[in-house]
Amino acid sequence: MVNRNLIRNLEDDTISQELDSLFTSDDDLASLYLPNPDAEETKFQVNEIVKGKIVRVDSEAVIVDVGFKSEGTITRAEWAEHDDPPNIGDEIEVLIEDLEDELGQADDPSGLIRLSKVKADHIIHWRDVISKVNENDIVTGTCTRKIKGGLLVDIGVQVFLPASQVDIRRPGDIGDYIGRVVQCEVLKIDEQRRNIVVSRRSLIEKERQYAQQKLLDELEVGQVRKGIVKNIADFGAFVDLGGIDGLLHITDMSHTRINHPSEMVSMDSEIEVKVLNIDREKVKIALGMKQMLPNPWDNVEEKYPIGSVNNGEVVNVMNYGAFVKLEPGIEGLVHISEMSWVRRVNHPNELVKIGDEIDVAVLGIDKSGEQMSLGMKQTQDNPWDKVEANYPADKLVNGRVRNLTNYGAFIELEEGIDGLLHVSDMSWTRKISHPNEMLEKGQEVECKILAVDIERRRIALGMKQMNDDPWANDIPSRYQPGQVIKGNVTKITNFGVFVGLEDGLEGLLHISELSEDKVENAEDVVKVGDELEVKILRVDTEERKIGLSRRRVDWTDEQEAADEKAQTETKQSSADLKGGLGESGPLISTGEEDDAASAEDAPVEEAVAEEAVAEEAVAEEAVAEEDAEKTDDE
């Protein structure tokens, strides 16, 4: 209650009159100072939007009464130049940023609460947009700014468009979209963070999926369609037919040879294409351009009959052959094996290069596969057609050693015509292990034609055949049984020693004929290079062998006769022991006879083996020649 007696005691009557006019009763005055117990207390919280009335405006701040025990302050900078200026009495919505405490705010000496109009407007606008937009909705906005990971799009509020969602194929620079109006699908709304993620790609994919299905229903093989070139690769171009990309392969662009698709099409250009194939399950379409043009292969068999000779231009050279263009759209392959009758071509560029004009013969045509087999050598004379006439048997010829192999030497008689000189045909008497013992590459030699096989294109040559066989008369006349001669040890084996009697002629000194004493190892008695005096036991002209003895060098005729008689009796005794075995052999082997037989047969077996190798080498000459060529190149 107001103490009016106290007021009357005041000396200033004017004050008393003013108070009396304001308050007609004690209750009116008490209401200014005492809270109304019936009134509901208003509670304020930070980050709450409330309504308030502007009560004061100055150059730095705007004071707003929001119904709190103290007013709030808003910085004057929140009103932009293009906004309506704040006026006293205007009602506005503001965001409470901070409330006063008992001591007042440290940065606000007056103790006012801090408010924000801009933030309130932003939140109000966000809530308005959220109330109208849901996930999966389609929104339209303008790309305003490029940020890390994508773009900001203004749809009324700023939303995020990730770079991976800008287009189906990620663009090189997403900054090119700034300022463009785009339609996007809302992927996610985060109300707590006030963040919206949108995708332009998902919207395009859905539109394309719808367009694809519609287009697939309309497409048929053989249709001619217009499309836009969307991408160019080395193997072809991708053409957008209106929702589906088809592949225009480089081989289906032109009947003529092109090196790159960019020679025929360019990016974003509109072209006409023909539908060649449709895979509806995998959504793949093959397109063609050349199929809309006349095909030069339609009458190729009439224009280029097999066997005809035509002039063409070399357009490509590979390691297996050269491609020759006869006319635009008509090309054929000259295989490396069809380039020359005589030259051994390792690479086609040895004979031709791109741009050369050459004559070729048509060997074969595959019209359906649009392939043609051509030949260069067929336009020239085949030298093998004249070989039989130029190189008859027994003719002496001169040639150059082109290559050496283990079994012989290839002698070049003329360019592309080689003959094989086998090791067994190099000498009558000398045992040759490798041709390099007598010949070297590049050496000029004279040979005799032994045989010509036109069908297999082979010529057999011989050197020893140019002279008489010394085993026929010469050797038997100069080397006779019982004759004592000298020679040098050339080779030692487990069954004996080979002794060189003259150049290329050897005799076998069996281990049993080395000494009167039994010899287990020939190397214990003689060494390679030792000169020995030996006696000739036998000369076998058919087997081309000479048997020698060292232990009999000093034997007299009586000793020889006695030894021969003893051997005869031994053979007769062995024959008597055959018993029930009939003619199959002795019942008991003495061992010595077996050793002697082995010694006698060893050179024979060696000679037979050499002949077998020689025959095998001639039989496989084709393969050998190829190996020889490789060796020659290396």
Side-chain angles (χ1 to χ4, degrees), residues 18 22 31-33 35-36 39-133 137 139-147 151-161 177-182 184 186 189-196 198:
E18 290 291 334
L22 290 173
S31 65
L32 289 172
Y33 302 99
N36 185 359
E40 190 173 313
E41 185 179 359
T42 302
K43 295 182 179 180
F44 292 89
Q45 295 181 352
V46 175
N47 294 327
E48 181 182 0
I49 295 177
V50 297
K51 289 185 178 181
K53 182 182 290 186
I54 298 175
V55 295
R56 192 175 76 212
V57 178
D58 58 31
S59 61
E60 298 294 333
V62 175
I63 308 301
V64 180
D65 181 7
V66 295
F68 193 59
K69 59 184 178 180
S70 62
E71 289 84 4
T73 178
I74 303 175
T75 177
R76 183 69 174 81
E78 289 200 11
W79 275 265
E81 293 183 1
H82 60 273
D83 293 337
D84 294 333
N87 297 310
I88 296 174
D90 289 349
E91 286 191 356
I92 59 175
E93 289 185 293
V94 295
L95 176 73
I96 299 175
E97 291 190 296
D98 209 351
L99 294 171
E100 64 181 355
D101 55 20
E102 294 178 355
L103 301 176
Q105 293 299 312
D107 58 352
D108 190 356
S110 63
L112 301 179
I113 63 176
R114 190 165 66 248
L115 307 174
S116 174
K117 175 181 177 296
V118 171
K119 292 181 179 179
D121 290 343
H122 179 75
I123 294 174
I124 292 169
H125 187 55
W126 165 262
R127 290 174 179 173
D128 181 58
V129 171
I130 287 298
S131 66
K132 300 175 183 177
V133 176
D137 284 355
V139 295
T140 303
T142 303
C143 298
T144 58
R145 188 156 58 97
K146 179 180 177 181
I147 62 174
L151 296 169
L152 290 181
V153 181
D154 186 3
I155 64 169
V157 294
Q158 296 287 344
V159 298
F160 179 57
L161 174 59
Y177 282 79
I178 294 177
R180 287 177 56 177
V181 176
V182 295
C184 302
V186 178
I189 298 176
D190 189 340
E191 294 188 25
Q192 185 176 359
R193 296 183 178 180
R194 292 196 290 275
N195 184 24
I196 298 178
V198 297

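When all heavy atoms of K51 and E93 are compared, the pair lying nearest together is CG-CG, 3.8 Å. Nearest heavy-atom pair, C184 versus V198, reported as atom, atom and distance to 0.1 Å: CB-CB, 3.7 Å. When all heavy atoms are compared, the tightest approach of D84 to W79 is O-CD1, 3.3 Å. C143 and V153 make their closest contact through SG-CG2, 4.0 Å (heavy atoms, listed as atom of the first residue, atom of the second, distance). The nearest pair of heavy atoms linking P86 to I54 is CB-CD1, 3.8 Å.
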Check step by step if side chain to side chain contact (heavy atoms under 4.5 Å, CB included) holds for I92 and V62.
CA-CA 11 Å; I92 59 175; V62 175; 5.7 Å; no
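Here R56 contributes atom CZ and T73 contributes atom OG1; the two are 8.5 Å apart, rounded to the nearest 0.5 Å. Here L95 contributes atom CG and L115 contributes atom CG; the two are 8.0 Å apart, rounded to the nearest 0.5 Å.
In this structure, L151 and I178 have side chains that are in contact, with non-hydrogen atoms separated by less than 4.5 Å. Two residues are said to be in side-chain contact when any heavy atoms from C-beta on lie closer than 4.5 Å; V139 and V159 fail this criterion. In this structure, L161 and Y177 have side chains that are not in contact, with every pair of non-hydrogen atoms separated by 4.5 Å or more. Here the side chains of I155 and T140 are not in contact, with every heavy-atom distance at 4.5 Å or above.
Residue R76 places its CZ atom among more than 12 non-hydrogen atoms of other residues, nucleotides or ligands, all under 6.0 Å distant. In the displayed structure, N87 atom CG is contacted under 6.0 Å by more than 12 heavy atoms of other residues, nucleotides or ligands. Atom CZ of R180 sits in a crowded spot, with more than 12 heavy atoms from other residues, nucleotides or ligands closer than 6.0 Å.
Between the E71 side chain and the I63 main chain, no donor and acceptor come within less than 3.5 Å of each other. In terms of modelled atom types and a separation under 3.5 Å, the side chain of T144 and the main chain of L152 share a donor-acceptor contact.
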